[in-house]
Amino acid sequence: MNRATASWLRGFDLALALALIVLLAPLWLVRAVLARVRAGRLFDRAEQVGRERRSFVRLAFAGPLPGRDLAALLNVLRGDMAIAGPRPLTVAEAAAVPAEAEIRFSVRPGLFSPYPLQQRTGIAHDPESELDRRFVERLGVGASLGLVVRSLIAGLVGGGKALPVPPRLDFFGVPIVNTTMDEAVDWIAARAALAPNPSPMEQGEKALLAFVNPDCLNIAYTHERYRTVLQQAARVLPDGIGVKIGCRMRGLGLAANVNGTDLFPRLCERAARDGFSLFLLGARPGIAELVAANMRARCPGLMIVGAQHGYFGPDEEDTIVARINASGAGVLLVAFGVPRQELWLADHHDALTPPVRMGVGGLFDFYSGRIPRAPLWLREIGLEWVWRLAQEPGRMWRRYILGNPLFLYRVWRQARQEARR
Ligand code: UDP
């Protein structure tokens, strides 16, 4: 960051902190009085590590009531903190920061930070140091203001409060594994490495993996066969902000939004590293091949051992299954849309040999470039679905305009039933 940008940024921080203190003066006063009366002191003080690894005392209004962080605006005025920046670290956390992540200490830590922002909507899949580096590299008034606005919206949508995170969730009888992106990729890699599974007689575990968003859960609510397939699947993973909101309505935390679109590039990287292979089945003619070419370019060494479009007749099924098996793929990705892909995988469960099979919906359309994916800032505020709606309103309005409220209503009913028990 050059000098001029740094001065503008400091001016912005001071102006915003002062404006907030003036605007929120009544709130400040009430919170200060509450701290004094309930906790017997005004501030809690914590030693934290800031710019150039200098330690400072971070102020918070005492006591557990909301509004503790209002006091940290004083830290911004004092120059210990910025409005937006990497998360302030404790002394122990700072000591554990590796040399390659040192760039985070070149700027002031922020009241609002990149990693907690993505945690709010469940998409913090990359290491915190990576998010901090990207933020610091383009730090300026615009980036700071953007982070503040996105954090506020993400807080409203995804919630900021930490809730208990159970290992399993249940929506309408569909069991969902509540896990992180890294664990999900490890799980697939461990099974895919068992490929090839040459003879149907010598099969080991065959794992069906499904991703469910509110639309899928709405379908499962009424579609008995699809629901049964999900119940029998090796794993069902939570996809999208809707599941996170559904969890919040039931007082539960979602570990992460483990959607197929974010998982796919990570799976490709792991496949290239570990040496297992992928077969891509589905989408319009030519699309799966484009995905294969794009991902091979992104991940040198990646083995995509087959690509086949998803518009074939029943008479071609045997040939396609034979091609998939002969490819020796460790992971079969099927993109026919929900619930068709899961039902197809269930129908061919025994005949197929890849140890991991997963339904991935419209994923190939994104990675072929046919349909652009929502920009990161929209995903960070939990509004990827608005982007999808805008792209294909004719096809998507039912799914989102009718489906989202219906899903929330059903979750609310489920929560009420659980509360009665
Ligand atoms: N599709 C297919 N065969 C079919 C019908 C659909 O391969 O008979 C593909 C379609 O081209 C698209 C994907 O299935 O790539 C479904 O995309 P959608 O966006 O509906 O998936 P979702 O929203 O369920 O992730």
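Note: hydrogens, waters and symmetry copies are ignored here, and every other heavy atom, side chains too, is used.
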>> Given 3.5 Å as the limit, does a donor-acceptor pair link the side chain of N294 with the main chain of Y367, or not?
In response: yes

Residues 92-149 vs ring pair (Phe, Tyr, Trp, His ring centres under 6.0 Å), sequence neighbours excluded, gives none

field: Flag for N257-N259: side-chain donor and acceptor within less than 3.5 Å
entry: yes

Interatomic distance, CG@L70 vs CD1@I21, rounded to 0.5 Å, equals 9.5 Å

Please lay out, stage by stage, how R270 and I188 fare under the test side chain to side chain contact (heavy atoms under 4.5 Å, CB included). CA-CA 10 Å; R270 178 59 85 83; I188 298 171; over 6 Å; no

Relative to F171, does R250 satisfy both conditions: NZ or CZ under 6.0 angstrom from the six-membered ring centre, and within 45 degrees of the ring's axis?
yes

### Salt-bridge present (R235, E183; N to O < 4.0 Å)
yes

R284 and D365 ion-paired at < 4.0 Å: no

| query | Taking 4.0 angstrom as the limit, do E384 and R373 come out as a salt bridge? | reply | yes

Check your understanding: Taking Q118 for the side chain and E380 for the main chain, is one N or O donor matched with an acceptor at less than 3.5 Å?
Key -> no

When every non-hydrogen atom of V243 is compared with those of V212, the smallest separation belongs to CG2-O, 3.7 Å

_For the backbone of L352 and the side chain of R357, can you confirm whether one donor and one acceptor N or O come within less than 3.5 Å of each other?_
yes

Note: G110 and S113 closest approach over all heavy atoms is O-OG, 3.5 Å

R395 and R399 have their tightest heavy-atom pair at NH1-NH2, 4.2 Å

Heavy atoms of G337 and E342 approach each other most closely as O-OE1, 4.4 Å

For F56 and P88, the nearest pair of non-hydrogen atoms, with its separation, is CZ-CB, 4.4 Å

**Asked** Any donor-acceptor pair under 3.5 Å linking the side chain of H223 with the backbone of I219?
**Response** no

### Query
Are N2 and T5 close enough that a side-chain donor and a side-chain acceptor fall under 3.5 Å?
yes

query = Is atom CH2 of W8 surrounded by more than 12 heavy atoms (other residues, nucleotides or ligands) closer than 6.0 Å?
reply = no

Could you check whether R379 makes a cation-pi contact with W377, meaning its NZ or CZ is under 6.0 Å from the centre of the six-membered ring and within 45° of the ring axis? no

With sequence neighbours left out, the residues meeting side-chain contact (heavy atoms from CB on, under 4.5 Å) with W387 are P372, A374, P375, L378, Q391

R388 side chain to M396 backbone, donor-acceptor under 3.5 Å:
no

Check your understanding: Ion pair present between E100 and R133, side-chain N to carboxylate O less than 4.0 angstrom?
Key -> no

_I'd like to know whether R108 forms a salt bridge (Lys or Arg N to Asp or Glu O under 4.0 Å) with D13, so could you lay out the CA-CA distance, the side-chain angles of the two residues, the decisive distance to 0.1 Å, and finally the verdict._
CA-CA 11 Å; R108 292 182 176 87; D13 283 348; 5.5 Å; no

R53 side-chain N/O to A94 backbone N/O, donor-acceptor pair under 3.5 Å = yes

Value for CD1 (I83) from CG (L147), rounded to nearest 0.5 Å, stands at 11.0 Å

**Message:** Pairing donors with acceptors under 3.5 angstrom, does anything connect the side chains of N178 and R168?
**Reply:** no

**Request:** Please determine if R191 forms a cation-pi arrangement with W187, meaning its NZ or CZ atom is less than 6.0 Å from the six-membered ring centre and no more than 45° off the ring axis.
**Result:** yes

